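Here the structure is a predicted model, which means the values were calculated and not measured. Atoms within each ligand, like the ligands themselves, are counted from 1 in listed order. Side chains are part of it too, since the values below use all heavy atoms of this structure and drop only hydrogens, waters and symmetry mates.
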Amino acid sequence: MAPKALDYESLNEKVKKVQYAVRGELYLRASELQKEGKKIIFTNVGNPHALGQKPLTFPRQVVALCQAPFLLDDPNVGLLFPADAIARAKHYLSLAPGGLGAYSDSRGIPGIRKEVAEFIGRRDGYPSDPELIFLTDGASKGVMQILNTIIRDEGDGILVPVPQYPLYSATISLLGGSLVPYYLEETANWGLDVNDLRHAVFQARSKGITVRAMVIINPGNPTGQCLSEANLREILHFCYRENLVLLGDEVYQQNIYQDERPFISARKVLMDMGPPLSKEIQLVSFHTVSKGYWGECGQRGGYFEMTNIPPESVDEIYKIASISLSPNVPAQIFMGLMVSPPKPGDISYEQFIRESKGILESLRRRARIMTDGFNSCRNVVCNFTEGAMYSFPQIRLPPKAIEAAKRAGKVPDVFYCLKLLEATGISTVPGSGFGQKEGVFHLRTTILPAEEDMPAIMASFKKFNDEFMEEYED
Ligand SMILES: Cc1ncc(COP(=O)(O)O)c(CN[C@@H]2CONC2=O)c1O
């Protein structure tokens, strides 16, 4: 009997080849241990609410009313919901014909795309066109759609930072394209050197690859670095010279934990540079409700904004979006609320500011606690988390540990992370899941565990690590 279409051996080879480490071997082992009753601290995923972060109150009030509009007819609704939440719920229901249960336009609800455009205009100081903004089921879907639009075959290369968030390597692999790595420099605080970009493109072209686009993740995941305006100008000049589309993944733009390099969007820098670049460089920027101080990962809300993309190409992207009918409508409302939060004078403004500031200030403290904790450990060095939600320490594994890993049939940092998990219940992602220079090992944790738990977690890590190094050092 010939194999059936979904028998493993007859599956699409691209599917079988794909890797996605954020929910890979370590995560699966951690889930097994959890089932066996072991207490696991899941620091492998940037999933704030799963680690105890409370949702912001105002957005939940508005979406609750949108989900249950009959509450608006209840004479007591004003006892439970503030007037500005009631007003915003009515606003969004007026924008969503048929309410949250109806498909919306495949690009998202026009009124919410307008709110996103106004947000971008306020942030960057340049008007943004709602027609060039598509709402998506999380930034992931937007990234996948744009890469799908760009990659024609394995001859097409995408420049991706290494270490990188494996959404990019996995999607490029699934689409049959070629990932062209450019290495971030750990000793330069994960900075990038344009000469490395040039070298990467030269290498790729010498192998017959047509480099078509460049990805930047700013702030970085897993590395946390924030790009300076000068970095962004260099990158934009590079894209102009090499005729590359720039994909600006800016999902962590609210997650900034230092004052030297505040977030500046690639689009603002591009517009500031003026013609010819500001008229010719094609840029797609991505954002989400999953990160920042919102952390609404499960809602699946995101957008991408297109700059200098020809109308006929926008039509093709719209055509593909329409196959999925509609982005998640409740998530679109979260997106609208994120880009247009309560303003000074609104009833909910004080509470919103108190909650959001509280979360951001705590994340900044946790970034410092974690970085200092790692740097107090033997054979561990860690750059400060300037932004995003992760800490990415380098673990200097002794040769005997590397040999032991080999004997166990494991990549060295997987070996270390598995030992860490078994000893402490701390579930991390090995650096090999993000890519790293040969012979250099890392792990990624999030800075999300509750602040009051952080010192104990770091002490538990230090105890494990220093004993591990004791065991394997010559
Ligand atoms: C750089 C980057 N881009 C896009 C996404 C996708 O976000 P959406 O939720 O909007 O699809 C993530 C999620 N970060 C994953 C999720 O948790 N840990 C991670 O590394 C990310 O880190």
Side-chain angles (χ1 to χ4, degrees), residues 19-24 26-27 30 41-51 53 108 116 133-147 158 160-172 184 190 214-227 246-256 263 265-266 284-305 324 327-328 330-332 334-335 338-339 363 385-392 427-435 442-449:
Q19 305 284 323
Y20 180 70
V22 174
R23 294 203 168 182
L26 258 291
Y27 173 73
I41 304 159
F42 283 100
T43 73
N44 56 308
V45 191
N47 197 8
H49 296 186
L51 286 153
Q53 180 176 310
V116 173
I133 293 166
F134 283 22
L135 304 182
T136 55
D137 294 340
S140 301
K141 287 292 170 53
V143 166
M144 295 166 103
Q145 186 179 344
I146 296 299
L147 286 174
I158 310 289
V160 173
V162 174
Q164 53 97 36
Y165 170 50
L167 164 67
Y168 290 94
S169 50
T171 304
I172 292 166
L184 302 175
W190 297 112
M214 173 178 179
V215 174
I216 54 172
I217 305 176
N218 178 37
N221 173 6
T223 48
Q225 86 288 1
C226 295
L227 291 174
L246 182 61
L247 305 184
D249 183 325
E250 299 174 335
V251 298
Y252 295 103
Q253 59 187 269
Q254 285 181 351
N255 300 98
I256 306 299
F263 175 75
S265 71
V284 185
S285 307
F286 303 91
H287 200 4
T288 180
V289 301
S290 299
K291 306 300 175 186
Y293 43 79
W294 288 66
E296 292 280 7
C297 304
Q299 307 296 353
R300 311 313 296 130
Y303 76 73
F304 60 79
E305 183 210 20
S324 314
N328 172 332
Q332 294 184 52
F334 273 104
M335 180 55 78
M338 185 175 88
V339 298
L363 283 168
T385 302
E386 295 181 352
M389 287 186 171
Y390 311 99
S391 192
F392 195 62
S427 167
T428 59
V429 185
S432 44
F434 302 92
H442 301 82
L443 63 79
R444 189 192 81 171
T445 69
T446 69
I447 58 169
L448 297 176

Do [X] and [Y] meet the criterion of a side-chain donor-acceptor pair at a distance under 3.5 Å?
| X | Y | answer |
| --- | --- | --- |
| N221 | R444 | yes |
| Y165 | Y390 | no |
| Y168 | D249 | yes |
| S169 | Q164 | yes |

| task | Decide whether an N or O pair under 3.5 Å exists between I217 and ligand 1. | result | no
For [X], atoms of ligand 1 separated by under 4.0 Å from a heavy atom:
| X | answer |
| --- | --- |
| G46 | 17 (O), 18 (N) |
| R300 | 8 (P), 9 (O), 11 (O) |
| V45 | 16 (C), 17 (O), 18 (N) |

Using a 4.0 Å heavy-atom cut-off, say whether [X] meets ligand 1 through its side chain, its backbone, both or neither.
| X | value |
| --- | --- |
| S290 | side chain |
| R444 | side chain |
| K141 | neither |

Judged by atom type as modelled, is there a donor-acceptor pair below 3.5 Å linking the side chain of [X] to the main-chain atoms of [Y]?
| X | Y | answer |
| --- | --- | --- |
| E250 | N218 | no |
| T288 | S290 | yes |
| Q332 | P327 | yes |

*Taking the side chain as C-beta and beyond, is there a heavy-atom pair between M338 and Q254 under 4.5 Å?*
yes
* To do: Check whether any heavy atom of F286 sits under 4.0 Å from an atom of ligand 1.
  => no
Q) So is K291 in contact with ligand 1, going by heavy-atom distances below 4.0 Å? A) yes
From the list N328, V289, V339, side-chain contact (heavy atoms from CB on, under 4.5 Å) partner of F334 resolves to V289
Check: of D249, T288, T43, N47, min heavy-atom distance to atom 1 (C) of ligand 1 comes from D249
For [atom], what is the nearest protein heavy atom, given as residue, atom name and distance?
| atom | value |
| --- | --- |
| atom 5 (C) of ligand 1 | Y165 CE2, 3.7 Å |
| atom 7 (O) of ligand 1 | S140 OG, 3.9 Å |
| atom 19 (C) of ligand 1 | Y390 OH, 3.2 Å |

